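For reference, the structure is listed below as structure tokens.
One-based numbering, in listed order, for ligands and for the atoms of each. Here the structure is a predicted model, which is why all the values come from computation and not from measurement.
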Amino acid sequence: MKNQKRGHVIVLTYPAQGHINPLLQFAKRLASKGVKATLATAHYTLKSIYSTTVGIEPISDGYDESGFSQSPSVQAYLDSFRTVGSRTLSELVLKFSSSGSPVNCIVYDSLLPWALDVAKKFNIYGAVFFTNSASVCSIFWHITHGHLNFPVTQESGAPLLMPGLPPLDLPDLPSFLSQPAPHSPYLALILDQFSSLEENDWLFCNSFEELENELLNDMLGLWPLLMIGPMVPSAYLDQQIDGDIAYGASLWKPTTDECIKWLEKKLPDSVIYISFGSMADITAKQVEEIAWGLKASDQHFLWVVKESKNKLPSEFMNAIGETGLVVTWCNQLEVLAHPAVGCFITHCGWNSTLEGLSLGVPMVGVPQWSDQPTNAKFVEELWGVGVRVKKNEEGIVTKEELEMCIREVMVGERSGEIKRNALKWREAAKRAVGNGGNSDENINEFLMELF
Ligand code: UDX
């Protein structure tokens, strides 16, 4: 631990796995630099989070038993979170003000913009943390600034052009932007992230400069995003920055020992790891196509099915034997870091994408919704670390398509180049977070200004 600095940063997270991981990691990174940091999170997630270096404190979203699943609708949940969350976050700030560790900054998840009002009320610093890529943030920013009509259409057939981004077709955009009404309640929430940008003292993004360099150059002067990622525990990037070596948060029980034992018996780069993150709900038809696509690829596979186990065809389960392992949840980083894993079939959630890049694992992108289609396009075309599937007219990835993509990444003509690119991005990620790297320096600058 470096010299303890005066002051105290509350890091506020939306209570979902893909948000807790990067925000908790950010709090740990601050703690490793001698700053008192506290993660504020919804009650029911407390028992799933662990840290030796960061305080963990509850706030309320109004549904303390089990959160979102208890609420009648997405909108009701978000409204409740805004009201009850503002009140309980204020109470937390007040509690610390009389404790000898007064809070002087709130870093909040961009999905919870009301936290900035709390920071203003107490006259302390407020900083937003985006859990999407800078490219995806910039697409939303263009919408909120009227540079793209909403809902976005592509009537002329010409690709959509935005500064710093490659030409994009409609299916490459975040899913909310091309869907006609009724719009997802998440859309208002996402666009709301950009409503009071200029009132923040800092804007953080979980990405790194080399990865989105062109975009950053073109955005310069428009809005000053500070890249501070990838927020992957530094031990996985061969660094010893964070006190804790794991994410330290798992909303489901991992089956890590079983996975590692199974992987130990496999040859290097011979296993496909497949997971669609914490939120995607995969249809039975799609699960079936994936199952037979994996079987046809003739490779070993480790599949995280979450709640979809009952959708797996019984003939498939009877046929897999030692070829495959099916689990409900695992420690994804431990699995991706294992030398036996040679391909990651992913929904391209931003954390999974960054984890695949940071650990140098070639990817097959199977995007589901939200920012994932855009991330998948970048994985294939900009960063060259994998391929993305084409869906049929029913929106399904067929077994033949999946098998073809797996072969391309693992044994095809381009597999060597894809692997080389993956290793190149791993090195870039290590540079960014390492001592003196861009992301590390950005965090240092923030702390210099804060204290
Ligand atoms: C969602 C969005 O998809 C994402 O793009 C957005 O930025 C955050 O919210 P999610 O769908 O859960 O998140 O995907 P992802 O962003 O990839 O996050 C999942 C996290 O869960 C990753 O950090 C991953 O390491 C972890 N995970 C996943 C596990 O620990 N075990 C598993 O078995 C699967």
Notebook entry, point to check: Of all the atoms in ligand 1, which lie at a distance below 4.0 Å from a heavy atom belonging to H19?
Noted result: 8 (C), 9 (O)
Next item on the list: Check each of E334, E355, Q25 against atom 24 (C) of ligand 1 and report the one with the nearest heavy atom.
Entry: E355
Note to self: Tell me the protein heavy atom at minimum distance from atom 14 (O) of ligand 1, and give that distance in Å.
What the structure shows: H347 NE2, 2.9 Å
Notebook entry, point to check: Within less than 4.0 angstrom of ligand 1, does N21 place any heavy atom?
Noted result: yes
Margin query: Out of all atoms in ligand 1, which are within 4.0 Å of some heavy atom of S352? Include the element for each.
Written below: 15 (P), 17 (O)
Notebook entry, point to check: Near T131, which atoms of ligand 1 are under 4.0 Å from a heavy atom of that residue?
Noted result: 7 (O)
Next item on the list: Consider only side-chain N and O atoms of N200 and Y108, and report whether a donor and an acceptor are under 3.5 Å apart.
Entry: yes
Check: Counting heavy atoms only, which of W252, W329, Y247, Y14 comes nearest to atom 29 (C) of ligand 1?
Finding: W329
Next item on the list: Pick out which of T41, N206, D109 makes a side chain to side chain donor-acceptor pair (under 3.5 Å) with H19.
Entry: D109
Item checked: Flag for D64-Y44: side-chain donor and acceptor within less than 3.5 Å -> no
Notebook entry, point to check: Distance only, no hydrogens: is a donor on one side chain within 3.5 Å (strictly under) of an acceptor on the other, for E210 and N438?
Noted result: no
Next item on the list: Give the contacting part of Q332 toward ligand 1: side chain, backbone, both or neither, where contact means a heavy-atom distance below 4.0 Å.
Entry: both
Notebook entry, point to check: At under 4.0 Å between heavy atoms, which part of K306 makes contact with ligand 1: side chain, backbone, both or neither?
Noted result: neither
